[in-house]
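Structure record follows, encoded as structure tokens.
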Amino acid sequence: MSILARFKAEAQPKRNLDPLIRTLDWAKRVYKVGAQLPANVVAPTEETTGYFIPTFYAYGEKALAIELAKWEASRQQPDGSFVGADGIPYTFDTAQVIRGYLSVLDDAPELLEPLKKASEYVFSQIDAKGEVQTASYSGWRLANGSVFSEYAHLYVLAPLRDAGQRLNEPKYIQASDRGVQYYKRQPDLVDFKSELGKLSHIFGYMMEALAELGEHDLAKRGLRSAELIQKKNGAIPAYPGVDWVCSTGMAQLCVAWYKLGITSAADKAIRYLESIQNPSGGFYGGYGKNAQYFPDMEIGWASKYLLDCYLLKYGRNPLVD
């Protein structure tokens, strides 16, 4: 190495990957099939396991990803759906399992039939207008009686579209496109509202969905409202008008920012998340005074989206030289 090259290499800031490693280690412990969990950890659901599978796969944890996908197949209902913690089938949850199946299908072709069944179920839940229907919203109801915004169903559309492409089923792609047009017609779609029902977690689903569906201008409009209330230390209130933060929502907004090339806000969000990481390597759902979202329970979905942030920030798995 020349003196100039050595100088340039030494001048580069060293990456501190310790928060990433601790996050991944925590997630691998918690999402292991049959894991015995501490009392302060929320058990993985079929939904969160579904969208965590691609993340594990991207970090080289292929055996774990495939094991989890096969576990999902063992839990699938006869109609192709997947249930929430309340035992009720949810369209949203089923779509997230599709994400998992698609990521491992080349390595586990036996998951083709479960993928087809899940895709057919989600397709059946998108009506002629393009609105995503679901059997129940009971699992979306919060302690104060409010309900998460149904606009979170935007996050159903990309996995159905991707399944349509993989399975050569145009009707899935058409249903996804119909859904995009339905939600785009909603006048308040990208308003980050001062209400718990549009918690940054839900808003984050929506903004990432718009980004992955190619609706970049809409996503940028919504993300701008979050950027305007981001604090100097990188914290983003769980929704406008409160002082507490939702860890998952922050990580999801960070993912959307990176997908759209808005790196400054995303970098600040990552640094803040690293500063509040629990000694275990996991994250509570909410931090700060009067936090209303799992303030004393560690949740896997915060870790999933932070791990995705690192993949986007570095453009690959940063743990591989």
Side-chain angles (χ1 to χ4, degrees), residues 51 54-55 58 92 95-96 99 130-132 148-162 165 173 176-242 245-274 301-302 304-316:
Y51 60 46
T55 302
F92 186 95
Q96 307 323 309
R99 292 179 187 269
E131 184 177 9
V132 178
F148 285 144
S149 171
E150 64 177 347
Y151 295 164
H153 277 133
L154 272 170
Y155 207 57
V156 166
L157 302 178
L160 182 63
R161 176 203 61 192
D162 295 346
Q165 293 169 346
I173 300 171
S176 176
D177 291 344
R178 191 165 68 247
V180 172
Q181 295 309 312
Y182 170 80
Y183 289 103
K184 283 177 65 177
R185 291 194 295 270
Q186 309 313 308
D188 61 341
L189 181 65
V190 295
D191 294 345
F192 191 17
K193 294 182 178 179
S194 298
E195 56 187 49
L196 190 55
K198 236 179 186 179
L199 179 69
S200 60
H201 172 35
I202 301 305
F203 197 64
Y205 278 139
M206 294 160 54
M207 295 305 102
E208 183 185 359
L210 290 171
E212 63 186 355
L213 290 164
E215 298 293 337
H216 294 175
D217 289 341
L218 268 177
K220 287 178 180 178
R221 279 174 49 195
L223 288 167
R224 180 59 179 162
S225 63
E227 190 174 358
L228 287 172
I229 62 172
Q230 187 176 29
K231 298 181 180 180
K232 290 183 179 179
N233 65 357
I236 305 164
Y239 53 91
V242 299
V245 303
C246 170
S247 59
T248 306
M250 282 198 59
Q252 290 172 285
L253 293 170
C254 180
V255 165
W257 275 321
Y258 277 134
K259 287 189 172 184
L260 295 173
I262 305 171
T263 58
S264 177
D267 287 344
K268 287 168 61 179
I270 279 187
R271 288 194 294 271
Y272 181 80
L273 286 167
E274 290 176 344
W301 40 112
K304 178 267 190 304
Y305 289 103
L306 180 57
L307 289 169
D308 287 353
C309 288
Y310 289 119
L311 290 171
L312 291 163
K313 177 179 175 64
Y314 296 114
R316 60 181 179 83

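The figures that follow rest on heavy atoms only: side chains count, while hydrogens, waters and symmetry mates do not.
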### Message
My understanding is that only residues two or more places apart in sequence, or in another chain, count here; which of them pass ring-ring contact (aromatic ring centres under 6.0 Å, His included) with Y310?
### Response
none
Might you point out which heavy atoms bring [X] and [Y] nearest each other, and give the distance in Å?
| X | Y | answer |
| --- | --- | --- |
| M207 | A219 | SD-O, 3.8 Å |
| G130 | Y183 | O-CE1, 4.0 Å |
| S149 | K198 | CB-CG, 4.1 Å |
| Y272 | G234 | CB-C, 3.9 Å |
| C254 | A266 | SG-O, 3.5 Å |

What distance do [X] atom [atom1] and [Y] atom [atom2] have between them, rounded to the nearest 0.5 Å?
| X | Y | atom1 | atom2 | result |
| --- | --- | --- | --- | --- |
| K193 | L199 | NZ | CG | 14.5 Å |
| I202 | L154 | CD1 | CG | 11.5 Å |
| Q252 | S200 | CD | OG | 7.5 Å |
| I236 | K231 | CD1 | NZ | 11.0 Å |
| E131 | H153 | CD | NE2 | 9.0 Å |
| T55 | L306 | OG1 | CG | 10.5 Å |

### Lys/Arg N to Asp/Glu carboxylate O, R99 vs E212, below 4.0 Å
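Salt bridge present between R99 and E212.
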#### Entry: salt_bridge(E227, R224) N-O dist < 4.0 Å
yes
Is there side-chain contact between [X] and [Y], with heavy atoms separated by less than 4.5 Å?
| X | Y | result |
| --- | --- | --- |
| F203 | S225 | yes |
| L223 | V190 | no |
| P240 | F192 | yes |
| L210 | H216 | no |
| M206 | L189 | yes |
| V245 | P237 | no |
| H201 | W301 | yes |
| K304 | Y51 | yes |

### Qualifying residue, where the test is side chain to side chain contact (heavy atoms under 4.5 Å, CB included) with Y258 and the options are I270, L311, D308, L253
I270
### Query
Using a distance-only test with no angle check, is there a side-chain donor-acceptor pair under 3.5 angstrom linking Y155 and E208?
yes
### Message
With a sphere of 6.0 Å drawn around CZ of R178, does it hold more than 12 non-hydrogen atoms of other residues, nucleotides or ligands?
### Response
yes
### Message
Would you say the rings of Y205 and Y151 are close, in the sense that their centroids are separated by under 6.0 Å?
### Response
no
### Task
Could you list the residues that satisfy side-chain contact (heavy atoms from CB on, under 4.5 Å) with S176, not counting sequence neighbours?
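Scan of S176 (side-chain contact (heavy atoms from CB on, under 4.5 Å), adjacent residues dropped) gives L157, R161, L213.
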Main chain of [Y], side chain of [X]: is a donor-acceptor contact present, judged purely on distance under 3.5 Å?
| X | Y | result |
| --- | --- | --- |
| Q230 | A226 | no |
| Q186 | Y182 | yes |
| K268 | N233 | no |

